[in-house]
Structures are given as C-alpha cells and as structure tokens.
Student: 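So that we are looking at the same thing, I have put the structure below in structure tokens.
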Amino acid sequence: MTDVATLWSYLATTPLIWLTTTILAYVLADGVARKLGYAPWANPVLLSVLLIAPVLWLTRTDYTTYFEGAQFIHFLLGPATVALALPLWDNRHTIRTAAAPIMLALLAGSIVAAGSAILLARAFGLPMEILLSLAPKSTTAPVALGISETIGGIPSLTAVLVILTGIIGAVTVTPIMNLLRISDWRARGFAVGVAAHGIGAARAFQVNPVAGAYAGIAMALNALLTSLIVPVLVRWLV
C-alpha cells in the first residue's frame, strides 16, 4: 500500500498524468456522446468534466496542479482561435451580402452577454473581483483570460465561468432554437457562437455544417469586439 501511495505521489506531480487523464476523459466522453447520437445534453465537454472532477476530488488534487499538467491543451486554444479565420474567409461572400445584420447581431449579443453579467453581479452584491471575472465569460478562453487579467478579474475563475457558459449554451441551444422555430442555420450558428464561444461552436458543427461555420465566425468576431467593449462597460456600469 505504501508503494502505491509513493507511486501516486510521484505521478500526481508530473504533467503527463493530467494531460493523459484529460485526453482519455474526452475520448471516452466523445465516444459516449456519439453512441447517444450527440443529444444536446450529452455534450462531450460536460461529460469530460463529470469524469475528471471525481478523480481530482478523490486524489485531492488542486486546480493549480491539474492545470500545470493539462496546460498544453490550454496552449492549443490559441492556435485554434487563430484558425477561426478560415470560416471567415471561406464564407466571405455570404458575409458580405449580410454584413449589416451580422454586425447588428454581433453588437447586440456582445453587449448583452457582458452587460447582463455585470448588472446581475451588481444586483446580487457580488465582490468586485468576481464581477470583473464574469464580464468576459461569453468569449473564447484565451481572450477571456487576457481580458480578465487586464481589468482586474481572477483568470482562473474566468476560465471556469467560460467553460460553464459554453456547456450551458451547447446543451440548451438546440431545444431553444427549435422552440423559437428558428430554422435558418446561419442565424442558429451565429447566435450560439456569440453566446457560447468554442463549446457552442462545436455543438453547432455537430448539428449542421453551415451552423458550425457561422458559429466559428461569430466566435472570432465576438472575441475581438468583447475585448474592446468589456473595459468600456466595466467603467460605465460599475
């Protein structure tokens, strides 16, 4: 038993164990989601969290230790965000014909996403650091962490809120869009891309390729706009 404990103490401090755990959890979660026909509630990211969280709790592993091990995946978010320029370029002709509605939807979505978080945090009397950490929750993680750090938030808390926002958006987008009878895949994809960044965009690609392309477009544009408007909204609303 002592040997097992010693071995685990060693493995738990090496980056490879948590990187491997994260990858295996996602592969297993994606397999389960595929078997379930990618139902809205069977989101691979949500299932991965449900698999990894008990492991961290049972092994008494803190977030800092886990993040140090899995940070290579976090690093890959940067290139993945830059790669969102591809759907923008591929759909440049259709974007040009609908530039005004796209810009209006983007502006409304970005302001509501950040502004509502700030106002709700104020209404519930949350501490300033939490309020500032909430503001960029609807944009992609690399951008959200940068914004949070710049305005005085807690980047690690922002990371959690970004993931939670994405999961909620990915799980609820299909039922909500069906309930509202929105059938235009461009509108459906763009809405989830603005509200739920990469996790929502991944869900959109599972449902329809056009929706996925427009979700990627929305995600990229929202990252740019959010980085500009959040500091302004914080000064104005706080």
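For the single chain, residues carry numbers from 1 onward in sequence order. No experiment lies behind these values; they were computed from the predicted model shown.
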Student: Is any side-chain heavy atom of Leu120 closer than 4.5 Å to one of Leu134?
Tutor: no

Student: Is Ile163 reachable from Met219 through a run of I, L, V, M, F, W or Y residues, each pair having side-chain heavy atoms under 4.5 Å apart?
Tutor: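 No, Met219 does not connect to Ile163 through the hydrophobic network.
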
Student: Is Val112 isolated, or which residues cluster with it under the ILVMFWY side-chain rule of less than 4.5 Å, directly or via members?
Tutor: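 Once heavy-atom contacts under 4.5 Å are chained together, Val112 still belongs with nothing else.
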
Student: Any link between Trp185 and Ile217 through a network of hydrophobic side chains (Ile, Leu, Val, Met, Phe, Trp, Tyr) touching at under 4.5 Å?
Tutor: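 Same hydrophobic cluster.
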
Student: Which pairs with one or both residues in residues 34-49 pass salt bridge (charged side-chain N to carboxylate O under 4.0 Å, His left out), sequence neighbours excluded?
Tutor: Asp30-Arg34

Student: Evaluate side-chain contact (heavy atoms from CB on, under 4.5 Å) for His197 paired with Asn222, printing each intermediate quantity in order.
Tutor: CA-CA 8 Å; His197 51 82; Asn222 187 47; over 6 Å; no

Student: Identify the two heavy atoms, one from Gly115 and one from Leu233, that lie closest to each other, and give their separation to 0.1 Å.
Tutor: N-CD1, 3.9 Å

Student: Drop me the distance from Arg181's CZ to Leu179's CG, to the nearest 0.5 angstrom.
Tutor: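 Between Arg181 CZ and Leu179 CG, I get 8.5 Å after rounding to 0.5 Å.
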
Student: Quick check: is Val194 connected to Tyr214 through a chain of hydrophobic side chains (ILVMFWY, heavy atoms under 4.5 Å apart)?
Tutor: yes

Student: Return yes if a side-chain donor-acceptor contact under 3.5 Å exists between Tyr66 and Thr21, otherwise no.
Tutor: no

Student: Report, one line per pair, each donor and acceptor closer than 3.5 Å where one atom sits in a side chain of residues 98-108; sequence neighbours left out.
Tutor:
none

Student: Search all heavy atoms of Ile199 against all heavy atoms of Gly166 and return the closest pair with its distance.
Tutor: CG2-O, 3.5 Å

Student: Working to the nearest 0.5 Å, report the span between CZ of Arg203 and CG of Asn43.
Tutor: 8.0 Å

Student: Please name the pair of heavy atoms, one in Leu225 and one in Ser110, separated by the smallest distance, quoted to 0.1 Å.
Tutor: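 Closest approach of Leu225 to Ser110, heavy atoms only: CD2-OG, 3.5 Å.
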
Student: State yes or no: do Leu221 and Val210 share one hydrophobic cluster built from I, L, V, M, F, W and Y residues joined by side-chain heavy-atom distances below 4.5 Å, directly or via other members?
Tutor: yes

Student: Who clusters with Leu24? Use side-chain heavy atoms, under 4.5 angstrom, across I, L, V, M, F, W and Y, and order the result by chain and number.
Tutor: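 Hydrophobic cluster check, Leu24: no partners found.
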
Student: From Trp18 CH2 over to Thr59 OG1, what is the distance, rounded to the nearest 0.5 angstrom?
Tutor: 4.0 Å

Student: Could you go step by step and tell me if Thr139 and Val162 meet the side-chain contact (heavy atoms from CB on, under 4.5 Å) rule?
Tutor: CA-CA 7 Å; Thr139 193; Val162 167; 5.8 Å; no

Student: Quick check: closest heavy atoms across Ser116 and Ala113, and the distance to 0.1 Å?
Tutor: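 Scanning both residues, the minimum pair turns out to be OG-O, 3.4 Å.
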
Student: On a heavy-atom basis, which atom in Val171 and which in Trp41 lie closest, and how many Å separate them?
Tutor: CG1-CA, 4.0 Å

Student: The test is side-chain contact (heavy atoms from CB on, under 4.5 Å); show your working for Val207 and Val173 and say whether it passes.
Tutor: CA-CA 11 Å; Val207 176; Val173 60; over 6 Å; no

Student: Tell me which donor-acceptor pairs under 3.5 Å the side chains of residues 46-58 have, and how far apart each pair is, sequence neighbours excluded?
Tutor:
{"unit_1": "Ser48", "atom_1": "OG", "unit_2": "Pro44", "atom_2": "O", "d": "2.7"}

Student: Of all heavy-atom pairs between Gly216 and Ala201, which one has the smallest distance, and what is that distance?
Tutor: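 For Gly216 versus Ala201, the nearest heavy atoms are N-CB, 4.4 Å.
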
Student: For the atom pair CD1 (Ile111) and CD1 (Ile118), what is the distance rounded to the nearest 0.5 Å?
Tutor: 11.0 Å

Student: Any link between Leu131 and Leu161 through a network of hydrophobic side chains (Ile, Leu, Val, Met, Phe, Trp, Tyr) touching at under 4.5 Å?
Tutor: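 The answer is no; the residues belong to distinct hydrophobic clusters.
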
Student: Under a 3.5 Å distance rule, please check whether Arg188 uses its side chain to pair with a backbone N or O of Ile182 as donor and acceptor.
Tutor: yes

Student: Using a 3.5 Å cut-off and no angle test, enumerate the donor-acceptor pairs between side-chain atoms of residues 143-153 and protein atoms at least two apart in sequence or in another chain.
Tutor:
{"unit_1": "Ser148", "atom_1": "OG", "unit_2": "Ile154", "atom_2": "N", "d": "3.4"}
{"unit_1": "Ser148", "atom_1": "OG", "unit_2": "Thr158", "atom_2": "OG1", "d": "2.7"}
{"unit_1": "Thr150", "atom_1": "OG1", "unit_2": "Gly146", "atom_2": "O", "d": "2.8"}

